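Please read the structure below before turning to the comments.
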Amino acid sequence: MEQNNNNSLEKKRKRLKNPFRLQCAVKNYDWGILGNKSHVARLFSLNAGSHIDPNLPYAEFWIGTHESGPSFLNHGGALSLKEWMSNNPDVLGDRVLKKWGSDLPFLFKVLSVEKALSIQAHPDRELARALHKSQPILYKDENHKPEMALALTEFEALCGLISLKELKHVLCTVPEIVELVGGADAEQSFPVKELDRNQEAKAILVSIFSQILLSSKDEICEIISRLKWRLNLEKKKRQLTDKELLVLRLEGQYPNDAGVLAAFLLNYVKLNPGEALCIGANEPHAYIRGECIECMATSDNVVRAGLTSKHRDIQTLLSMLARKQGFPEILKGFSLNPYTTRYLPPFEEFEVDRCILPLAASVVFPSVAGPSLFLFIAGNGTHSAGFAEEQVVEEGEVLFVPAYMEFTITSKSKELHLYRAGVNSKFFQVF
């Protein structure tokens, strides 16, 4: 009997020390990219063995434990990753388990964006708890949602309030905004020449942003009509700026939406593949177009205020608005080895590694004190870890790797392209 128990424990120990394949969820939001043109569609089809509908938008591929799109263990049928981890908490590592309980602290995604997402912000922990308590249908959890977008293709976004210098430029070149928020006394209300020495210049920017979002539908329709007429006339005489071209594009997607005007007051960011953007709590932003890897704290809380047909909670967004200004930092990551780049955001819940392996090359992901998720987005190869024999890995596969497990990957194709998400390594350096 004792021998049988020892054998059973040994089998369980070996089982928990192996990577597990995951079957993951897809979201078909209307802003997604249609059918086969979407990274999300291709990855989901390969991951789940499903057909791609060429007429359906594929927007997000979710990897993780959030109840809105949980991942499941392939070998376990209907067994969710979250349920399995609750029964086997050792796979998370002691420090992760103590800090976040028997759950992943991060949510891993791929986004395929054809049409702009809403102007939005994510609440901090305190506000998230209050919103979930008062409006649980709209705000589905109590967690904050700092996030990072890592570009797979050229990727466009709006992020954060513009600098005072750019505000002066807007007030000098976009008369429609001045008219909307200042009326006949616009120059007195917003003295452009004095902005540099006006101690309340930041408050003026926030005031303009607020007035735009709170304007009546009729006012917005009239102002946007004038803006379109002027820009379409001027483009016959000059090259429109990138921001002006963006605003016309947004208006085509969301006609007569206040967010079209609000876009003038947000930084227009263009990421190249391999560049990343971090977005903290309460920071206004909107993804515009392109495809990216996204990682965030495990939450789906979104406070929307423009460029959307969904519920808008403008007063909440304005009350929580981060007041910092200027162009956001673009992360380019740092090299771990010849094939791997790490992106380390200022959030303890997560980090992301980008790995591109040429044919026959191998890379070792060292043992770490927390769990990891591996997503393979192109090519094929083999992996070895724990007690398992070497196994084939292909595009579309997602692996959960337990804490304290060294993981080796070898490319068998011209290029094997993968991403790893894990708990921020700085979290384990603080005692």
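Numbering starts at 1 and runs along the sequence shown. We use all heavy atoms of the structure for the numbers below, so side chains are in, but hydrogens, waters and symmetry mates are not. The structure presented is a predicted model; accordingly, all values stated were derived computationally and were not measured.
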*asked:* Closer than 4.0 angstrom, basic N to acidic O: yes or no for Glu156 and Lys270?
replied: no
*Counting N and O atoms only, with roles assigned by atom type, does the side chain of Glu166 sit under 3.5 Å from a partner on the main chain of Ser163, one being a donor and the other an acceptor?*
no
*Will you find, in the side chains of Gln253 and Arg289, an N or O donor that is under 3.5 Å from an N or O acceptor?*
no
_For Glu349, is there an ion pair with Arg125 - N to carboxylate O distance below 4.0 angstrom?_
yes
*Are any non-hydrogen side-chain atoms of Leu158 and Leu246 less than 4.5 angstrom apart?*
yes
*Got a second to check how far Cys24's SG is from Trp62's CH2, nearest 0.5 Å?*
12.0 Å
*Could you label the plane-to-plane angle of the Phe365 and Phe407 rings as parallel, tilted or perpendicular, counting under 30° as parallel and over 60° as perpendicular?*
tilted
*How long is the gap from CG on Asn272 to NZ on Lys332, to the nearest 0.5 Å?*
7.0 Å
*Taking C-beta and beyond as the side chain, do His311 and Arg304 meet within less than 4.5 Å on heavy atoms?*
no
*asked:* Can you tell me if Lys414 has over 12 outside heavy atoms packed within less than 6.0 Å of its NZ?
replied: no
_Straight-line distance of Leu205 CG to Leu321 CG, nearest 0.5 Å_ = 8.5 Å
*asked:* Can you give me the closest heavy-atom contact between Ile212 and Ala262, atom names plus distance?
replied: CG2-N, 3.8 Å
*Measure from NZ or CZ of Arg95 to the centre of the six-membered ring of Phe428, then state whether that distance is under 6.0 Å and the direction lies within 45° of the axis.*
no
*Return yes if some donor-acceptor pair links the side-chain N/O of Asp353 with the main-chain N/O of Tyr419 below 3.5 Å, else return no.*
no
_Please identify which of these residues, Ile119, Leu317, Leu213, Asp257, meets the side-chain contact (heavy atoms from CB on, under 4.5 Å) condition with Arg312._
Asp257
_Full working for side chain to side chain donor-acceptor pair (under 3.5 Å) between Asp103 and Thr65_ = CA-CA 7 Å; Asp103 197 5; Thr65 58; 2.5 Å; yes
*Does Phe350 have any ring pair (Phe, Tyr, Trp, His ring centres under 6.0 Å) partners at least two apart in sequence or in another chain, and if so, which?*
Phe347
*Kindly give the heavy-atom pair with the smallest separation between Ala385 and Pro19, and that separation in Å.*
CB-CG, 3.8 Å
*What do you reckon, is CG of Asp94 surrounded by more than 12 foreign heavy atoms closer than 6.0 Å?*
no
*asked:* For Ser425 and Val368: C-alpha separation, side-chain torsions, deciding distance, then whether side chain to side chain contact (heavy atoms under 4.5 Å, CB included) applies.
replied: CA-CA 8 Å; Ser425 53; Val368 294; over 6 Å; no
*Rounded to the nearest 0.5 Å, what's the gap from CG on Leu214 to CZ on Phe209? Could you check?*
10.0 Å
*Go through Ile409 and His383 one step at a time and tell me if the side chain to side chain contact (heavy atoms under 4.5 Å, CB included) criterion holds.*
CA-CA 4 Å; Ile409 300 171; His383 73 80; 4.3 Å; yes
*For Leu34, does its backbone N or O pair with a side-chain atom of Ser38 as donor and acceptor, under 3.5 Å?*
no
_Student check: side-chain heavy atoms of Leu22 and Phe72 closer than 4.5 Å_ = no
*Between Glu147 and His285, does a side chain to side chain contact (heavy atoms under 4.5 Å, CB included) hold up when you go through it step by step?*
CA-CA 11 Å; Glu147 63 188 28; His285 64 281; 3.3 Å; yes
*Nearest-0.5 Å distance, CG of residue Leu416 to OG1 of residue Thr410*: 9.0 Å
*Look at atom CD of Glu154 and say whether more than 12 heavy atoms of other residues, nucleotides or ligands are closer to it than 6.0 Å.*
no
*Gln325 side chain vs Ile162 backbone, donor-acceptor pair below 3.5 Å*: yes
*Has the side chain of His122 got a donor or acceptor atom that lies under 3.5 Å from a matching backbone atom of Pro146?*
no
*asked:* I'd like to know if the side chain of Glu291 pairs up with that of Ser112 as donor and acceptor (distance under 3.5 Å, no hydrogens or angles considered).
replied: yes
*Measure the CD-CG distance between Glu251 and Asn256 for me, rounded to the nearest 0.5 Å.*
6.0 Å
_Donor-acceptor side-chain pairing of Asn301 and Asp141 below 3.5 angstrom_ = yes
*Please assess Gln211 against Ser207 for the test side chain to side chain donor-acceptor pair (under 3.5 Å), listing each intermediate value before the final yes or no.*
CA-CA 6 Å; Gln211 288 183 65; Ser207 173; 3.0 Å; yes
_Please check this pair: side chain of Tyr58 against backbone of Asp53, looking for a donor-acceptor N/O pair closer than 3.5 Å._
yes
*Verify, without hydrogens or angle tests, whether Asn424 (side chain) and Glu351 (backbone) share a donor-acceptor contact under 3.5 angstrom.*
no
*Under a 4.5 Å cut-off applied to non-hydrogen side-chain atoms, are Leu167 and Leu265 in contact?*
yes
*Any sub-3.5 Å donor-acceptor pair from Asn267's side-chain atoms to Leu161's backbone N or O?*
yes
*Over all heavy atoms of both residues, which pair between Ser50 and Ser45 is shortest? Give the atoms and the distance, please.*
O-OG, 2.6 Å
*Do other residues, nucleotides or ligands put more than 12 heavy atoms under 6.0 Å from the CD atom of Glu126?*
no
_Donor-acceptor pair, side chain of Lys243 and main chain of Phe264, under 3.5 angstrom_ = yes
*So, does Tyr254 use its side chain to make a donor-acceptor pair with the main chain of Ala116 at under 3.5 Å?*
yes
*Val364 and Pro366: which non-hydrogen atoms are nearest, and at how many Å?*
O-CD, 3.4 Å
*Do Ser102 and Leu97 come close enough that some side-chain heavy atom pair is under 4.5 Å?*
yes
*So, do Trp84 and Phe20 have ring centers that fall under 6.0 Å from each other?*
yes
*Would you say Val26 and Asn47 make side-chain contact, with heavy atoms under 4.5 Å?*
no
_Which heavy atom of Ala421 sits nearest to which heavy atom of Cys295, and what is that distance?_
CB-SG, 4.0 Å
*Step through the shown structure and confirm whether more than 12 heavy atoms of other residues, nucleotides or ligands are within 6.0 Å of NZ on Lys228.*
no
*Would you say the side chain of Leu138 lies within less than 4.5 Å of the side chain of Leu131, judging by non-hydrogen atoms?*
no
*Derivation of the side chain to side chain contact (heavy atoms under 4.5 Å, CB included) call for Leu180 and Ile220*: CA-CA 8 Å; Leu180 176 66; Ile220 292 296; 4.0 Å; yes
_Heavy-atom pair of closest approach, residues Val40 and Val110_ = CG2-O, 3.3 Å
_Derivation and outcome, salt bridge (Lys or Arg N to Asp or Glu O under 4.0 Å), residues Glu348 and Lys99_ = CA-CA 11 Å; Glu348 64 182 3; Lys99 174 73 175 182; 3.2 Å; yes
_If you define the side chain from C-beta out and look only at heavy atoms, does anything of Ile356 sit under 4.5 Å from Arg354?_
yes
